[in-house]
Amino acid sequence: MNEAARDFIRQIIADDLASGRHREVVTRFPPEPNGYLHIGHAKSICLNFGVAEEFGGRCYLRLDDTNPLKEDQQFVDAIMRDVRWLGFDWGDRLTHASDYFEQFYDCALELIRNGKAYVDSLNAEQIRAYRGTLTEPGRDSPYRDRSVDENLELFQRMRAGEFADGEHVLRARIDMASGNINLRDPILYRIRRARHQRTGDDWCIYPMYDFAHTISDALEGITHSLCTLEFEDHRPLYDWILDQLDLPSRPRQIEFSRLNVAYMITSKRRLAQLIEEGRVGGWDDPRMPTIAGLRRRGYPPAALRDFCARVGVTKKEHLIEMALLENSVREQLNADAPRAMAVLDPLKVVLTNYPEGQTESLPAARHPQRPELGERELPFSRELWIERDDFMEDAPKKFHRLKPGGEVRLRNAYIIRCDEVVRNEAGEIAELRCRYDPDTRSGLPGAQRKVKGTIHWVAAAAALEAPVRLYDRLFTVPRPDADRSGRDFHEFLNPDSLRLVPDAKLEASLAAARPGEVVQFERLGYFVADSEDSKPGRPVFNRIVTLRDSWAKIEQAALQAER
RNA sequence: UGGGGUGUAGCCAAGUGGUAAGGCAGCGGGUUUUGAUCCCGCCAUUCGCAGGUUCGAAUCCUGCCACCCCAGCCA
């Protein structure tokens with residue numbers, strides 16, 4: 001694995017192994033259980049677990065539960081489910097920051113004894129004022145020089161619950177004049193009378209991220225602590241903590257840029273807001289960028305892993321086009337998804353020369369490139385549904401579907417010719433009267449005859465009617481949460497992110513689709529039987545992604561040319 | 001005005017002094033009973049800009065410019 005380092009982090013790790021600095025690789029994925037994991041986390045999961053796997057090391061799943069006000073067990077369960085679904089295994093390395101509360105406390109005592117931490121009794125407002133600004137240094141707190149004994153006593157009393165929330169904090173004694181604000185005596189512990197989901201009421205003081213995270217890394221023997229760019233200027237603090245304490249290992253923090261995908265937001269706060277406001281159905285709504293949402297949408301885990309691998313790992317800010325994600329999804333789905341036919345916007349076709357009452361059953365391959373997947377049977381009869389936009393009265397020459405007097409092939413069946421267009425009183429096209437050519441049934445020698453187009457269809461009498469949900473991007477602009485003019489991301493919600501087709505006409509064999517099963521509706525896209533709303537015999541389908549559509553491009557180009 | 005980062009094609013991304021990989025997108029062509037898939041070809045004389053060093057610079061030096069992050073008792 002050494003020579004094939006795919007990114008700068010793997011390069012560093014390979015070098016560390018080669019130089020003997022480390023003999024093994026230990027990483028961790030440390031989410032805070034205050035929301036669901038999203039596609040950005042997927043990148044971090046793939047990186048941390050992937051690196052460990054590739055270098056024969058191990059990776060911890062560590063729940064960073066140091067703030068009882070925000071965290072919840074339901075999120076812990078969801079996180080485990082999502083990591084597992086993505087294809088990763090933490091073995092017996094499931095940990096919680098709260099497992100180490102006692103050790104954190106001991107570390108705090110050690111800092112106090114060495115004069116490296118003190119109890120500050122300024123209130124929150126005062127602490128902010130004393131901190132200075134980006135360009136002006138801060139000032140020392142009047143409590144900064146309390147004696148070791150006084151600090152020890154106060155801190156012990158903090159733990160014992162003798163003070164109200166906010167009355168005191170424990171601070172590191174570093175440098176109030178540092179250009180790096182994280183070094184201006186950062187807060188290590190705060191008093192918070194809140195019931196913790198794992199430790200209950202054992203504690204009323206809780207450690208801050210920088211303190212808890214650094215020590216957790218060291219206790220677990222993490223060799224490479226991988227995190228996103230916004231923690232870059234926390235690294236001096238990370239290293240300072242490691243310098244002060246007597247810990248079993250010395251991890252190294254390395255930062256990489258977080259994943260940004262166009263037309264998506266990954267702020268947990270904003271995602272939670274969308275749910276609260278009822279803009280989406282929940283954390284697993286198929287439009288959500290959450291792992292649960294993508295799963296319900298029908299994205300295969302392998303597609304997500306492939307996507308993360310293609311995106312790469314660097315320190316550069318980026319905005320990945322959705323097309324890259326969709327390419328990974330289509331690539332997975334094309335290989336495995338069985339084919340079926342479904343008509344979403346039906347137009348009736350009557351085959352005038354097909355005997356009334358007659359039906360037949362036509363075999364059709366489940367997958368054109370994979371004969372081993374077998375065949376399914378398609379009922380065929382006199383009345384059919386075809387897609388409304390597969391017919392055009394005044395068709396351009398490039399349109400090779402059905403037109404008056406024209407021929408088209410019905411996929412897996414016969415060639416038909418359109419003789420007559422029947423209209424209703426409103427003047428709308430109500431039905432097409434066509435003739436079929438009996439010699440051209442698929443499999444027969446007559447089927448060799450070439451026609452320009454092939455369209456999909458469903459026999460009317462045998463059609464399964466089922467709801468189909470057509471999903472599209474949730475937002476109308478690539479960066480909904482970074483608008484230059486300061487407009488709120490709500491303004492960019494896509495009103496057409498979900499279009500419901502209440503009774504699409506589906507090929508009969510689709511009645512057997514199990515929840516979670518993926519199929520390709522030929523010429524339309526990939527669809528999944530919804531895992532929540534499908535009932536036996538009555539599936540509800542979600543559109544995962546459309547097929548590539550070069551006709552749509554031609555049409556668009558024509559439209560452009562007209563202008 | 002302090003500190004920390006980042007600039008290679010439309011979007012990502014390799015490149016580590018020897019003459020710009022690869023993917024996505026796009027364009028052109030072939031195969032095709034999915035306008036899908038698959039296959040072939042094209043797509044950076046130039047690496048944020050300006051100087052300098054060198055036989056030779058995306059890579060080294062100097063200066064400049066642009067963008068991102070940091071002032072939670074959040075993570």
Side-chain angles (χ1 to χ4, degrees), chain A residues 6-7 11 30-32 34 64 66-67 69-71 120 122-124 127-129 131-138 165-166 168-171 177-184 186-192 206 208-210 212-213 227-236 255 257 262 268-269 309-328 330-331 334-335 339 341 364-365 367-369 398-401 408-413 415 440 442 447-448 450-456 478 520-525 546-555:
Chain A
R6 291 185 295 148
D7 53 66
Q11 187 68 251
E32 183 190 11
N34 67 342
D64 205 355
T66 56
N67 186 354
L69 258 28
K70 294 189 173 178
E71 295 143 11
D120 197 355
L122 255 23
N123 65 34
I127 287 180
R128 196 183 323 121
R131 189 151 35 221
T133 69
L134 292 180
T135 52
E136 305 155 38
D165 287 13
H168 305 286
V169 290
L170 184 72
R171 289 233 247 173
S178 172
N180 182 341
I181 290 176
N182 294 298
L183 262 21
R184 315 236 265 232
I187 291 167
L188 267 19
Y189 265 94
R190 75 282 214 193
I191 300 172
R192 194 158 256 178
Y206 291 96
M208 297 290 287
Y209 163 83
D210 290 291
H213 188 259
C227 64
T228 43
L229 251 29
E230 62 268 31
F231 295 103
E232 212 152 15
D233 41 11
H234 289 240
R235 181 160 21 100
E255 311 84 13
S257 52
K268 278 194 243 180
R269 203 195 97 246
R310 288 183 196 234
V311 163
V313 180
T314 66
K315 299 191 69 156
K316 192 183 147 197
E317 304 266 2
H318 56 233
L319 214 219
I320 308 293
E321 290 176 342
M322 246 190 177
L324 188 69
L325 212 206
E326 294 187 335
N327 174 70
S328 292
R330 290 193 184 106
E331 201 170 288
N334 175 57
R339 272 50 171 177
M341 291 197 285
H367 190 122
Q369 281 84 38
K398 278 183 167 178
F399 182 86
H400 38 257
R401 281 122 85 156
V408 77
R409 183 186 304 278
L410 295 179
R411 166 130 253 231
N412 299 307
I415 293 172
T440 58
S442 295
Q448 300 305 312
K450 295 292 175 202
V451 288
K452 268 171 291 185
T454 300
I455 63 173
H456 59 276
Q520 183 195 99
F521 291 173
E522 286 190 291
R523 304 213 305 133
L524 295 177
T546 62
L547 256 32
R548 272 197 191 83
D549 188 353
S550 53
W551 171 248
K553 281 180 206 160
I554 294 167
E555 270 187 318

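Because the structure is a prediction, the values reported are computed rather than measured.
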- Query: Any side-chain heavy atom of A:Ile554 within less than 4.5 Å of one from A:Lys398?
  - Reply: yes
- With C1' as the reference atom in both, quote the distance from B:U46 to B:U19 in angstrom, rounded to an integer. 11 Å
- Query: Ignoring hydrogens and geometry, is there a side-chain-to-backbone donor-acceptor pair from A:Arg192 to A:Asn67 under 3.5 Å?
  - Reply: no
- Query: With no hydrogens and no angle check, is any side-chain donor or acceptor of A:Asn180 less than 3.5 Å from a backbone partner on A:Asp233?
  - Reply: yes
- Query: Touch check for A:Ala447, heavy atoms < 4.0 angstrom, all strands: base, sugar-phosphate only, or nothing?
  - Reply: base
- Message: Mind checking if A:Ser257 touches a base, just sugar-phosphate, or nothing, with heavy atoms under 4.0 Å?
- Response: nothing
- Item | Donor-acceptor side-chain pairing of A:Arg339 and A:Asn412 below 3.5 angstrom | no
- Residue set satisfying salt bridge (Lys or Arg N to Asp or Glu O under 4.0 Å) with A:Glu321, at least two apart, ordered chain then number -> none
- Select base, sugar-phosphate, or nothing to describe what A:Arg310 touches, counting heavy atoms under 4.0 Å on all strands. sugar-phosphate
- Message: Measuring only the C1' atom in each nucleotide, how far is B:G10 from B:C55? A whole number of Å is fine.
- Response: 37 Å
- More 5' along RNA chain B: A:Ala323 or A:Glu232, using each one's nearest nucleotide? A:Glu232
- Query: What does nucleotides 65-75 of chain B look like as a protein-contact string, B for base, S for sugar-phosphate only, - for none, at under 4.0 angstrom between heavy atoms?
  - Reply: ---SBBBSBSB
- Task: Please state the P separation for the pair B:A13 and B:U54 - nearest whole angstrom.
- Result: 35 Å
- Task: State the dot-bracket string of RNA chain B. Criteria: Watson-Crick or G-U wobble, both atom distances under 3.5 angstrom; notation: ( ) intrastrand, [ ] crossing earlier pairs, | interstrand, . unpaired.
- Result: .(((((((.[[[..)..(...]]].(((((.......))))).....[[[[[..)....]]]]])))))).....
- Say whether, by atom type as modelled, one donor and one acceptor occur between the side chain of A:Arg190 and the main chain of A:Asp165 under 3.5 angstrom. no
- Per the atom types in the model, does the base of B:G10 pair as donor or acceptor with the side chain of A:Glu321 at under 3.5 Å? yes
- Message: Taking B:C42 as the reference, what is the distance to B:A57 when you measure between their C1' atoms (whole Å, please)?
- Response: 29 Å
Under 3.5 Å, which N/O atoms of the protein pair with N/O atoms of nucleotides 7-9 of chain B?
residue, atom, partner, partner atom, Å
B:U8, OP2, A:Lys316, NZ, 2.7

- Could you say whether A:Lys315 or A:Leu319 is positioned toward the 5' end of RNA chain B, judged by the nucleotide with the nearest heavy atom to each? A:Lys315
- Message: Does the protein touch nucleotides 34-42 of chain B at the base, only the backbone, or not at all? Give it as B, S and - per nucleotide, heavy atoms under 4.0 Å.
- Response: BBBB-----
- Message: Please give the distance between the P atoms of B:C69 and B:U62 as a whole number of Å.
- Response: 28 Å
- Task: Report yes or no: do A:Arg235 and A:Asn182 form a side-chain donor-acceptor pair below 3.5 Å?
- Result: no
- Query: Should A:Arg401 and A:Trp551 count as side-chain neighbours, where that means a heavy-atom distance under 4.5 Å?
  - Reply: yes
- Query: Do A:Glu230 and A:Thr228 touch side chain to side chain, with heavy atoms closer than 4.5 Å?
  - Reply: yes
- Task: Scan for side-chain hydrogen bond (donor to acceptor under 3.5 Å, both in side chains) pairs involving residues 310-319 of chain A, sequence neighbours excluded, and state none if there are none.
- Result: A:Glu232-A:Lys315, A:Asp306-A:Arg310, A:Arg310-A:Glu331
- Message: Is the phosphate of B:U33 approached by A:Ser442 (side-chain N or O, under 4.0 Å from OP1 or OP2)?
- Response: no
